[in-house]
Amino acid sequence: MKCLQLIIGPAGSGKSTYCSVMFDHFQSLHRPLEIVNLDPAAETFNYTPSVDIRDLISVDDVLEDEDIIMGPNGGLVFCMEYISKNMEWIHDQLTDGDDAYVMVDCPGQIELYSHLPIMKEIVTTFKSWDYNVCTLFMIDAHFVLEPEKLIAGALTALSSMISLETSAVNVLTKMDQLPRESKKEVEDMLESDCSQLVNGVNDEPWNERHAALSRAIASVLDDYSMFKMVALDNTDEESIEDLLLMIDTTIQYGEDAEVHDRIPKEVDPNEE
Amino acid sequence: MAESTASSSKQVPSEMPSSPLAGSSDGPNPDLAPSVIVLGMAGSGKTSFVQRLTAHLHAKKTPPYVVNLDPAVPYPVNIDIRDTVKYKQVMTEYGLGPNGAILTSLNLFCTRFDKVIELVRARSSTVPLTIIDTPGQIEAFTWSASGTIITEALASSHPTVVIYVCDSARATSPATFMSNMLYACSILYRTKLPFFVVFNKADIVRPTFAQRWMTDFERFDEALEDSRGGYSNDLARSLSLVLDEFYCGLKTVICSALTGEGMDEVLTAIDECKQQYRDQYIPLYAEMRAKKVEETAKRLREDAKMGDLTSEVKALDVGRVRDSDDENE
């Protein structure tokens, strides 16, 4: 089974950092991992991508080309359209074995997901190569320190989820950078039901006015096991493991693997 | 809190001894001319919308005050981020890509935002409203520390309204429409400001379909059914129920930046929102202001990796003072 994690999220939300953390983690687990950098405007990252889209096209190429006059955003869209038409270029560089596990580090612009069909097309192409795709939406935990902000984050993530039509895990990044009390607050919020959170907010006029809406959102978030939100602390090995476990479950990694090196020996092999 | 205000004044190299929220030092004033923050996905026609609204107000002999926060787009306005920050130079100087450069420009501009608020407030007796155009990539404003600071600094000074510009021509597919509305809803929750949606580009596609979807849940459900296959349909349907609730309290205006249709309705909506601000936000903001903006300002400084430096300087200063005290004794 071929697995693919699609890493998306706003600029500065920690997509590339996540990739480099997972890169190290996979190496220590001796699990194969290929990383594809799909952001033609990427600057630097501390992992070694197996495929770097900037070898094919970069935003700078487009901006410097005198025949194409475009702003930075138009340039990015131009690149992404070019990429979606040249997906074979990526395919050729992947090992594409049965146990391939790929991470795709995507550009952050939300427009590519909810405004234009480009990312959808790219995801469809990956699916057509038999990859099980799971979307990881990165959100900077600094921006979700209150229930209302957490809801805002969830809605942003849902907005991309709806258009991509893949399974998804939402990751709150940079937990290690939060002050201890904020970290605790975020963890508490994630543990409790959304409905409880919504009922717990104070009775400002704004909250009262939107109470019905908040409750409706909360009930969807609670009822949908498809919507998962996990906090990630890059410095905590356990936090990384927990997240990976959740992604692997979502993506159905290893369900058909014949040799599963992480299953203890006493498990009955007939159950596989 | 006092300490962080002090350290922020150190990094602002000017005679203004203040943090970005100095303009609000005398509290929110609901009687000033409102500021309108125009948000929207790249290519939804924000800038054209701003230009058309400006022209419309000029024609009425009540020209607005226009602020441009998009470092990558040149057009004539009253306050331009590009006068303060040179986008191309930021790119080369800090070795950043186009995205990073937009964020950094906005962060840099943010350190001078107290000046902007001062100017806007000074103008507010002579202009009907202040229009603020935001960077093309929406998350540079909605999911950045500087965007939060700018929004909250404005809202804690005078009436502030958020307009979400939606591209009608691109919203014809139910999934895109839904995705757009979810994003709009998330902005509502993030900013907690009076808010309305503008369906732009009505000259290309009449957004009556959108209004029908918004008023009649079943019709939207049908459209959704037709356009999607299996997998997340269930989620989509539940979400459309949520959005139904969202639409109830939502004001929408159909307009076209090309033909100028709907501009008077936009102005009426802004007036309504101004009233909302007075009723709901004054009590809220009076309380939240001091606490929140300080927190974010602190975070921004950390982001810019200036926090360490300034606190070190501060520690040194304190040390020095103590030394001299000892000597005196």
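Chain naming here is simple, since letters A, B, ... match the order of the sequence lines and numbering starts at 1 in each. Predicted, not measured: the structure shown is a model, and the values here were computed from it.
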Of all heavy-atom pairs linking A/L213 and B/V242, the shortest is CD1-O, 3.6 Å
Heavy-atom closest pair (A/A11 atom, B/E139 atom, distance to 0.1 Å) is N-CG, 4.1 Å
A/R209, part contacting chain B, at a heavy-atom distance under 4.5 Å:
side chain
How about A/T156 and B/T142: do any of their side-chain heavy atoms sit closer than 4.5 Å?
no
Is it the case that more than 12 heavy atoms not belonging to A/Y82 sit under 6.0 Å from its OH atom?
no
Sub-3.5 Å donor-acceptor pair from the side chain of B/R190 to the main-chain atoms of A/E148, do we have one?
no
Side-chain donor-acceptor contact under 3.5 Å, B/Y189 with A/S214:
yes
Counting only non-hydrogen atoms closer than 4.5 Å, does B/M178 touch chain A with its backbone (N, CA, C, O), its side chain (CB onward), both, or neither?
side chain
Would you check if A/L116 and B/R170 make a side-chain contact, meaning some heavy-atom pair closer than 4.5 Å?
yes
Heavy-atom closest contact (A/E111 atom, B/Q137 atom, distance):
OE2-CA, 3.6 Å
Which atoms of A/L150 approach chain B - backbone, side chain, both or neither, heavy atom under 4.5 Å
neither
So for A/L76, is it side chain, backbone, both, or neither that comes closer than 4.5 Å to the heavy atoms of chain B?
neither
For chain A, find which of B/S44, B/C248, B/S144 contributes the most heavy-atom pairs closer than 4.5 angstrom.
B/S144
Exercise: identify the closest heavy-atom pair between A/A152 and B/W143:
O-CZ2, 4.0 Å
Which bit of A/N207 comes within less than 4.5 Å of chain B, counting heavy atoms only: side chain, backbone, both or neither?
side chain
If you tally heavy-atom pairs under 4.5 Å between each of A/Q177, A/E208, A/H210 and chain B, the highest tally belongs to A/H210
I need the residue from B/C185, B/S179, B/A145, B/A171 with the largest number of non-hydrogen atom pairs under 4.5 Å to chain A.
B/S179
Region of B/Y87 that comes under 4.5 Å of a non-hydrogen atom in chain A:
side chain
Among A/A41, A/A212, A/P107, single out the residue with the greatest number of heavy-atom pairs under 4.5 Å to chain B.
A/A212
Can you check whether A/L155's main-chain N or O pairs, donor with acceptor, with B/S186's side chain at less than 3.5 Å?
no
Residue B/I138 versus chain A: region with a heavy atom under 4.5 Å:
both
Separation between OG1 of B/T148 and NE2 of A/H142, rounded to the nearest 0.5 Å
12.0 Å
Does a sphere of radius 6.0 Å around NZ in A/K184 hold more than 12 heavy atoms from other residues, nucleotides or ligands, not counting ones at 6.0 Å or beyond?
no
When rounded to the nearest 0.5 angstrom, what is the spacing between NZ in B/K192 and CH2 in A/W206?
5.5 Å
Most heavy-atom pairs under 4.5 angstrom with chain A, which of B/L188, B/D279, B/L241?
B/L188
What's the separation between atom CG in B/N180 and atom OG in A/S159, rounded to the nearest 0.5 Å?
7.5 Å
A/I217 versus B/L239: any side-chain heavy-atom pair under 4.5 Å?
no
Okay, side chain of B/E245, backbone of A/A216: is any donor-acceptor separation there less than 3.5 Å?
no
